[in-house]
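Each remark here refers to the structure printed beneath this line.
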Amino acid sequence: MNKTFRAHDSFHPRFKEISNEIEKISKELLSYGHKYDSSCFTRSLNENETVESVLCGHSDRLAIAWNFVVNPNRSHIQATKNLRVCRDCHESTKLIAMIRQCEIIVRDANRIHHFHKNGQCSCNDCF
Ligand SMILES: [Zn+2]
Ligand SMILES: [Zn+2]
């Protein structure tokens, strides 16, 4: 029962750099008052997991972190996700766009989210 899909891609050759970047982003989010939201979880945590570590493994976050690894001064990022973006990713991506002053576009299963540098998303949080 516990063989749920995991977005964590530890086989990526630059995984270490990506996870460092995710950690950095995560600290920035927390310092801006972000609170990790576990309400979108569909399963219980394994022993070695925290709410934060699971949420940070979502594919849209990995994609965003990867973009910052490749170019820390990016002003534009585009990512696709084949599921619907979860509430926590949506909140954090809004903050990341503002903190990093980077336009982020995430196309999910339902719609396209355009996260602006002012911390707003084009969907007005209706998703
Ligand atoms: Zn998510
Ligand atoms: Zn949105």
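The structure displayed is predicted, hence computed values, not measured ones.
Rounded to the nearest 0.5 angstrom, Glu21 CD and Arg14 CZ are separated by 11.0 Å. Within the model, atoms CD1 of Ile22 and CG of Leu29 stand 11.0 Å from one another, a figure rounded to the nearest 0.5 Å. One distance of note links CD1 of Ile64 with NE2 of His58; it measures 12.5 Å at 0.5 Å rounding. In this structure, SG in Cys121 is found 8.0 Å from CZ in Arg111, a value given to the nearest 0.5 Å. Taken to the nearest 0.5 Å, the CD atom of Gln101 stands 9.0 Å off from the CG atom of Asn118. Distance check: Trp66 CH2 to Asn71 CG gives 11.5 Å after rounding to the nearest 0.5 Å.
Within a 6.0 Å sphere centred on NZ of Lys24, other residues, nucleotides and ligands contribute 12 heavy atoms or fewer. Shown here is Arg107, whose CZ atom has no more than 12 heavy atoms of other residues, nucleotides or ligands within 6.0 Å.
Closest of all the heavy-atom pairs between Cys89 and Asp60 is CB-OD2, 3.5 Å. Minimum interatomic distance between Asn67 and Gln78 (heavy atoms only, all atoms of both residues): ND2-O, 4.5 Å. Nearest approach of Ser26 to Glu52, heavy atoms of both residues: OG-OE2, 2.5 Å. Across all non-hydrogen atoms, the minimal contact from Ala79 to Ala63 is CB-CB, 3.9 Å. The minimum heavy-atom distance linking Ala109 with Asn82 is given by the pair CB-O, 3.6 Å.
Placement of Ile112 and Ile104 in two distinct hydrophobic clusters is found when ILVMFWY residues are connected by side-chain heavy-atom separations under 4.5 Å, directly or transitively. Cluster annotation: Leu83 and Ile105 are assigned to distinct hydrophobic clusters (Ile/Leu/Val/Met/Phe/Trp/Tyr, side-chain heavy-atom contacts under 4.5 Å, transitive).
Salt-bridge check for Arg61 with Asp88: passed, with a basic side-chain N closer than 4.0 Å to an acidic carboxylate O. Salt-bridge check for Asp108 with Lys81: failed, with every basic side-chain N at 4.0 Å or more from each acidic carboxylate O.
Counting heavy atoms from C-beta on, the side chains of Cys86 and Leu55 come closer than 4.5 Å. Considering only heavy atoms from C-beta on, Gln120 stays 4.5 Å or farther from Phe115 through its side chain.
In this structure, Arg100 is positioned above the aromatic face of Phe68, its NZ or CZ under 6.0 Å from the six-membered ring centre and within 45° of the axis.
By the 30° and 60° cut-offs, the orientation of the rings of Tyr36 relative to His34 is perpendicular.
Of the residues Asp37, Val85, Val106, the one that meets the side chain to side chain contact (heavy atoms under 4.5 Å, CB included) test with His90 is Val85.
Side-chain N or O atoms of Ser53 include none that pairs as donor or acceptor with a backbone N or O of Glu49 at under 3.5 Å.
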(message) For His114 and Glu103: C-alpha separation, side-chain torsions, deciding distance, then whether side-chain contact (heavy atoms from CB on, under 4.5 Å) applies.
(response) CA-CA 7 Å; His114 194 141; Glu103 300 274 333; 2.7 Å; yes

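In this structure, the salt bridge (charged side-chain N to carboxylate O under 4.0 Å, His left out) partners of Asp125, at least two apart in sequence or on a different chain, are Lys94.
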